[in-house]
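Positions are given from 1 along the sequence.
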Amino acid sequence: MRGGSIEPLDIIGVQIPYHFRCPISLELMSDPVTVSTGQTYDRSSIESWIATGNTTCPVTRVPLSDFVLIPNHTLRRLIQNWCVSNRSFGVERIPTPKQPAEPILVRSLLAQLSNQSILFETRLSAIRRLRGLARDSDKNRSLISSHNPQIPLLNIFFSDSEKNELIYESLALVVMFQLSESECNSIASQSDRIQFLSSLLSHPSIEVRVNSAALVEIVAAGTRSIDLRIQIGNADGLMEGIIGILNYPLAYPRALKVGIKALFALCLVKQNRQKAVLSGAPEALINRLADFEKCDAERALATVELLCRVTAGCAAFAAHALTVPLLVKIILKISDRATEYAAGALLSLCTISEALQRDAVAAGIVTQLLLLVQSDCTIRAKRKAQMLLKLLRDSWPDDSIANSDDYNCSDVVPF
């Protein structure tokens with residue numbers, strides 16, 4: 001400290017003026033805001049300070065008279081100009097932050113979209129503006145959600161309106177929020193509504209198709225009624241539509257994420273699994289298994305294991321040449337949960353076919369299983385691995401690791 005101020009920070013050969021740094025984080029501010037005491041902080045830092053229960057100004061320790069954060073546009077522009085002046089040193093210009101939505105604006109927009117007596121264009125504009133706000137930040141989505149937009153949006157979506165744009169925009173917005181169990185039950189119990197959702201799964205627009213699948217997933221996951229979940233899965237064309245979204249080219253990555261969430265939610269009910277198999281789920285899952293991100297890969301492998309519990313599902317996976325090699329390769333590669341699901345699927349497959357047992361051994365499963373049972377994975381995964389090792393014992397070649405001295409010296413209990 002010198003003269004009561006913070007010394008300029010030296011980064012990559014550039015001195016950042018102390019008044020450009022947040023007093024809390026000591027980092028360059030990207031969204032400076034001023035509190036009731038007149039002190040300025042970076043928005044994220046002061047919001048975190050307040051969220052943890054603090055009610056005073058961090059610098060002055062004076063109690064905050066309110067928690068209103070006023071954007072300091074002048075300081076932000078000075079910081080941006082400083083960034084531009086120092087870009088030759090590798091300093092990137094901070095973007096102009098989007099200001100959080102105001103409650104009064106959200107209430108006004110919701111009132112406009114709900115009012116059937118005003119112009120169609122006004123209602124459409126209100127929905128699109130709300131959607132834009134919801135996309136901007138989690139804080140905006142939380143604010144909008146606190147005003148319960150789901151009911152008016154669902155009323156628009158399931159209305160008899162011929163204004164398709166209004167319907168599609170309401171769908172795109174409502175899937176950004178969770179529905180209550182009663183709302184999910186209401187949708188699931190009305191076959192015409194489920195059938196309408198199913199029809200949109202073959203819409204020419206991939207965005208409409210994916211948003212429809214997203215609402216199917218929200219409703220299926222949000223109802224605890226097995227009968228209602230079965231009713232959703234039995235809707236004409238619905239399961240085929242979900243599989244079609246899974247098969248959509250990777251040019252639209254959200255399709256893969258939404259598709260597997262919807263398929264998994266439906267397949268949690270055993271009565272829907274046969275329909276999923278008949279709709280081509282096994283082939284789609286194996287063809288896309290390498291394209292999923294971690295969380296989605298876990299969900300996809302869980303779905304594979306669920307479908308392997310159906311006789312037709314096991315047969316469909318067995319018929320795909322890549323099933324066994326891919327599942328073997330996944331063991332210990334993605335996560336403990338992914339490993340558990342892959343081992344479970346392999347156990348089901350190898351139980352029904354000696355040919356698949358030989359394929360698994362040829363793919364290197366013995367080494368993978370021996371590593372698995374000695375790892376820190378889940379108890380369920382180890383149990384499945386031990387069952388697989390016992391099942392595959394007769395398929396081990398004479399020179400395999402399982403019949404070697406290394407195996408005999410391991411802490412895996414021989415069968």
Side-chain angles (χ1 to χ4, degrees), residues 43 47 50-51 53 66-69 98-198 200 207-225 228-229 231-232 254 257-258 261-262 265:
R43 182 185 294 277
E47 284 183 339
I50 294 171
D66 57 55
F67 299 109
V68 176
L69 306 178
K98 294 180 178 178
Q99 297 306 312
E102 294 291 337
I104 189 171
L105 173 62
V106 170
R107 287 194 294 270
S108 175
L109 293 173
L110 286 171
Q112 290 176 34
L113 69 87
S114 303
N115 191 343
Q116 298 184 28
S117 63
I118 64 176
L119 291 174
F120 159 74
E121 288 77 11
T122 302
R123 298 179 71 197
L124 182 62
S125 176
I127 290 183
R128 285 176 172 169
R129 192 168 180 191
L130 275 173
R131 187 182 174 194
L133 291 172
R135 282 172 166 173
D136 283 347
S137 68
D138 291 338
K139 185 175 182 179
N140 283 356
R141 279 194 296 279
S142 178
L143 173 62
I144 296 171
S145 180
S146 69
H147 287 79
N148 300 314
Q150 295 91 332
I151 292 178
L153 289 170
L154 289 172
N155 287 338
I156 292 172
F157 176 64
F158 288 116
S159 69
D160 295 327
S161 172
E162 296 180 359
K163 304 290 187 180
N164 287 339
E165 284 183 280
L166 200 61
I167 290 175
Y168 302 150
E169 287 291 339
S170 64
L171 172 62
L173 182 54
V174 79
V175 296
M176 293 185 181
F177 308 100
Q178 287 300 312
L179 303 181
S180 67
E181 184 178 0
S182 61
E183 289 166 342
C184 291
N185 289 340
S186 176
I187 295 171
S189 61
Q190 299 181 61
S191 58
D192 57 333
R193 292 192 166 191
I194 295 301
Q195 200 56 56
F196 177 55
L197 273 173
S198 181
L200 292 182
E207 184 177 11
V208 172
R209 290 165 61 187
V210 170
N211 286 334
S212 180
L215 187 52
V216 168
E217 187 273 330
I218 290 172
V219 173
T223 178
R224 286 181 284 185
S225 168
L228 289 179
R229 289 189 182 188
Q231 184 169 307
I232 295 171
R254 182 168 170 253
K257 179 177 289 292
V258 171
K261 288 183 71 175

Note to self: Is it the case that atom CD in Gln195 sees more than 12 heavy atoms from other parts of the structure closer than 6.0 Å?
What the structure shows: yes

Q. Is the side chain of Ser170 donor-acceptor paired with the backbone N or O of Leu166 at a distance under 3.5 Å, no angle test?
A. yes

Expected output: side-chain Gln190 to main-chain Ser186 donor-acceptor under 3.5 Å:
yes

| said: Is any side-chain heavy atom of Leu200 closer than 4.5 Å to one of Leu171? | reply: yes

**Prompt:** With side chains defined as the heavy atoms from C-beta onward, is the minimum distance between Arg43 and Pro100 less than 4.5 Å?
**Reply:** yes

**Message:** Any heavy-atom pair between the side chains of Leu113 and Leu110 that's under 4.5 Å?
**Reply:** yes

Please indicate whether Ile151 has more than 12 foreign heavy atoms, meaning atoms of other residues, nucleotides or ligands, lying under 6.0 Å from its CD1. no

**Asked** So does Arg254 have more than 12 non-hydrogen atoms from other groups sitting under 6.0 Å from CZ?
**Response** yes

Derivation of the side-chain contact (heavy atoms from CB on, under 4.5 Å) call for Val175 and Phe157: CA-CA 11 Å; Val175 296; Phe157 176 64; over 6 Å; no

d(Gln112 CD, Leu119 CG) to nearest 0.5 Å is 11.0 Å

inquiry  = One pair to check against side-chain contact (heavy atoms from CB on, under 4.5 Å): Leu215 and Leu179. What are the steps and the verdict?
reply    = CA-CA 9 Å; Leu215 187 52; Leu179 303 181; 3.9 Å; yes

- Message: Run the side-chain contact (heavy atoms from CB on, under 4.5 Å) test on Ile144 and Arg131 for me, step by step, so that the C-alpha distance in whole Å, both residues' side-chain angles and the decisive distance to 0.1 Å come before the verdict.
- Response: CA-CA 10 Å; Ile144 296 171; Arg131 187 182 174 194; over 6 Å; no

- Should Thr223 and Arg229 count as side-chain neighbours, where that means a heavy-atom distance under 4.5 Å? yes

Within a strict 4.5 Å, meaning less than it, do heavy atoms of the Asn211 and Glu207 side chains meet?
-> yes

d(Leu173 CG, Leu154 CG) to nearest 0.5 Å is 10.5 Å

Determine whether Leu109 and Leu133 satisfy the following criterion, side-chain contact (heavy atoms from CB on, under 4.5 Å), listing intermediate values before the conclusion. CA-CA 11 Å; Leu109 293 173; Leu133 291 172; 4.1 Å; yes

Residue pair Ser125 / Glu121, side-chain donor-acceptor N/O under 3.5 Å: no

To the nearest 0.5 Å, atom CD of Gln231 lies from atom OG of Ser189 at 7.0 Å

In this structure, CD of Gln150 is separated from SG of Cys184 (nearest 0.5 Å) by 10.0 Å

### Query
Is there a side-chain contact between Ile232 and Ile187, using heavy atoms and a 4.5 Å cut-off?
no

CZ of Phe177 to OG of Ser142, rounded to nearest 0.5 Å, is 9.5 Å

Under a 4.5 Å cut-off applied to non-hydrogen side-chain atoms, are Arg123 and Glu169 in contact?
no

task: Verify, without hydrogens or angle tests, whether Glu217 (side chain) and Ala265 (backbone) share a donor-acceptor contact under 3.5 angstrom.
output: no

Lys139 and Leu143, any side-chain heavy atoms less than 4.5 Å apart:
no

